[in-house]
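Notes to accompany the following structure.
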Amino acid sequence: MRALVTGASRGIGAAIAHALADNGHQVAVHYRSAPEKALEVAEKLPGTGHVTVHGDLGANQAEQIVTETVEKLGGLDVLVNNAGIYFHHPIATTGFAEWQESWRRTIEVNLLGPADLIWHAVQHMGEGARIISVGSRGAYRGEPDAPAYGAAKAGLHAMTQSLAQSLAPQGISVAAVAPGFVHTDMVTDWLNSPEGDEIRKQSPFNRVGEPEEIASAVAWLASEKATWASGSIIHLNGASYLH
Ligand SMILES: NC(=O)c1ccc[n+]([C@@H]2O[C@H](COP(=O)([O-])OP(=O)(O)OC[C@H]3O[C@@H](n4cnc5c(N)ncnc54)[C@H](OP(=O)(O)O)[C@@H]3O)[C@@H](O)[C@H]2O)c1
């Protein structure tokens, strides 16, 4: 199977690229700003035929990303929407112009980008294809300091469920994972701050997740055994939030 993983130059995306390559997929390692890091990830993947592809989801480049992937891999069977941004914009301390810009940018990268990628990917997909999105626990638990992020991830989950129904007749399965805190660049400063201990305590395991713990679930969703999981959102949060 030929897989595109967005935001795979580091963090959860790089771990997903590894888990898919371990399972025999040929992977397109997508990056936005760091070609050398993406190349390093691609070169270290097990197997052969892996490539890198470039594009900015905040600049309407989803079509270019899919086209480049199809050209380089010869087709597309698995899309993993992993790329995402997170930054604080609490309503109490954010001015209106910054508030509007925060919502626009977050929705553009975290929700409209994946929607566009899905539309273009589906044009190349056949029976047995997979679309998997990396959502977030924040869609359920709330993101008081980053409300646009929580809303975008809730939208990503809802889109997953709707498209699971509309794409099933074409044999395409659509699912998502909703991680709690994961040890990546996105949250390193936070985990190293005085708040770090409180964050780790959110889980009774008293730690945050590792990228590989998210990647293994994504690799399973991408496998042929997971067709019946279409429409699922798998909660991966170390029992930190039950609902
Ligand atoms: N870490 C967590 O605690 C956590 C928890 C729940 C969900 N998640 C979700 O998991 C996914 C991966 O997170 P992570 O922690 O691995 O993040 P990360 O380390 O910050 O990596 C984010 C990735 O997304 C790419 N990206 C950012 N903006 C982009 C844009 N405009 N266009 C295309 N690509 C862009 C980045 O590329 P560049 O390096 O080139 O910018 C990078 O490869 C995200 O969707 C995130 O919301 C993370």
Side-chain angles (χ1 to χ4, degrees), residues 4-19 28-42 52-66 68-69 79-88 104-117 132-143 145-146 148-157 159-160 176-192 195-196 199-200 202-203 207-215 217-218 233-238 240-241:
L4 165 62
V5 183
T6 64
S9 53
R10 57 195 165 98
I12 295 170
I16 291 171
H18 272 276
V29 175
H30 162 263
Y31 66 95
R32 179 191 56 159
S33 64
E36 66 295 334
K37 280 194 189 167
L39 191 61
E40 200 183 325
V41 171
T52 63
V53 298
H54 173 250
D56 185 344
L57 293 174
N60 203 20
Q61 292 178 351
E63 181 174 8
Q64 168 192 314
I65 294 169
V66 171
E68 192 182 338
T69 301
L79 166 65
V80 181
N81 281 313
N82 165 78
I85 53 173
Y86 176 99
F87 56 91
H88 284 183
R104 192 197 56 73
R105 200 146 61 89
T106 304
I107 298 292
E108 201 165 54
V109 176
N110 291 4
L111 183 58
L112 300 181
D116 289 355
L117 284 167
I132 302 148
S133 294
V134 181
S136 175
R137 179 189 71 169
Y140 302 94
R141 189 174 181 264
E143 291 285 355
D145 290 329
Y149 179 87
K153 293 299 189 181
L156 193 58
H157 297 159
M159 175 168 68
T160 293
V177 294
F181 270 101
V182 182
H183 193 206
T184 70
D185 294 349
M186 188 177 264
V187 294
T188 298
D189 288 349
W190 216 354
L191 294 174
N192 291 337
E195 267 182 274
I199 291 170
R200 283 179 278 278
Q202 288 177 2
S203 165
R207 66 173 179 86
V208 300
E210 291 298 329
E212 293 71 23
E213 294 176 304
I214 311 307
V218 173
I233 292 153
I234 301 183
H235 300 279
L236 303 169
N237 63 44
S240 63
Y241 185 67

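Whatever order the structure lists them in is the order used to number ligands and atoms, beginning at 1.
Counting the atoms of ligand 1 from 1 in the order shown, those under 4.0 Å from a heavy atom of Y149 are 6 (C), 7 (C), 8 (N), 9 (C), 46 (C), 47 (O). Each of the atoms 16 (O) of ligand 1 lies under 4.0 Å from some heavy atom of G11. Proximity to V187 (heavy-atom distance under 4.0 Å) selects the following atoms of ligand 1: 3 (O). Residue contact check: V134 has heavy atoms under 4.0 Å from atoms 9 (C), 10 (O), 11 (C), 45 (O) of ligand 1. Interface of I85 with ligand 1, defined as ligand atoms under 4.0 Å from a residue heavy atom, comprises 27 (C), 28 (N). Counting atoms of ligand 1 from 1 in the listed order, those under 4.0 Å from a heavy atom of G58 are 31 (N). Listed by number with element, the atoms of ligand 1 under 4.0 angstrom from any heavy atom of D56 are 30 (C), 31 (N), 32 (N). For ligand 1 and F181, the ligand atoms under 4.0 Å from any heavy atom of the residue are 3 (O).
Looking at every heavy atom in both residues, I107 comes nearest to A148 through CD1-O, 4.2 Å.
In terms of N/O distances under 3.5 Å, ligand 1 is not approached by H30. Not a single N or O atom of Y31, backbone or side chain, sits closer than 3.5 Å to an N or O atom of ligand 1. Between G7 and ligand 1, at least one N/O pair is under 3.5 Å apart. Where the criterion is an N or O separation shorter than 3.5 Å, residue side chain and backbone included, V182 meets it with respect to ligand 1. Note: no N/O pair closer than 3.5 Å links S136 and ligand 1 by distance alone.
Aromatic ring centres of H88 and Y86 lie closer together than 6.0 Å.
Ring-plane geometry between Y31 and H54 is classed as tilted, the angle between the planes lying from 30 to 60 degrees on a 0 to 90 degree scale.
If you check each of G84, A15, G135 against atom 7 (C) of ligand 1, the one with the closest non-hydrogen atom is G135.
Ligand 1 lies nowhere less than 4.0 angstrom from a heavy atom belonging to E108.
Contact annotation: the side chain of N82 never approaches that of V218 to less than 4.5 Å [non-hydrogen atoms, C-beta and beyond].
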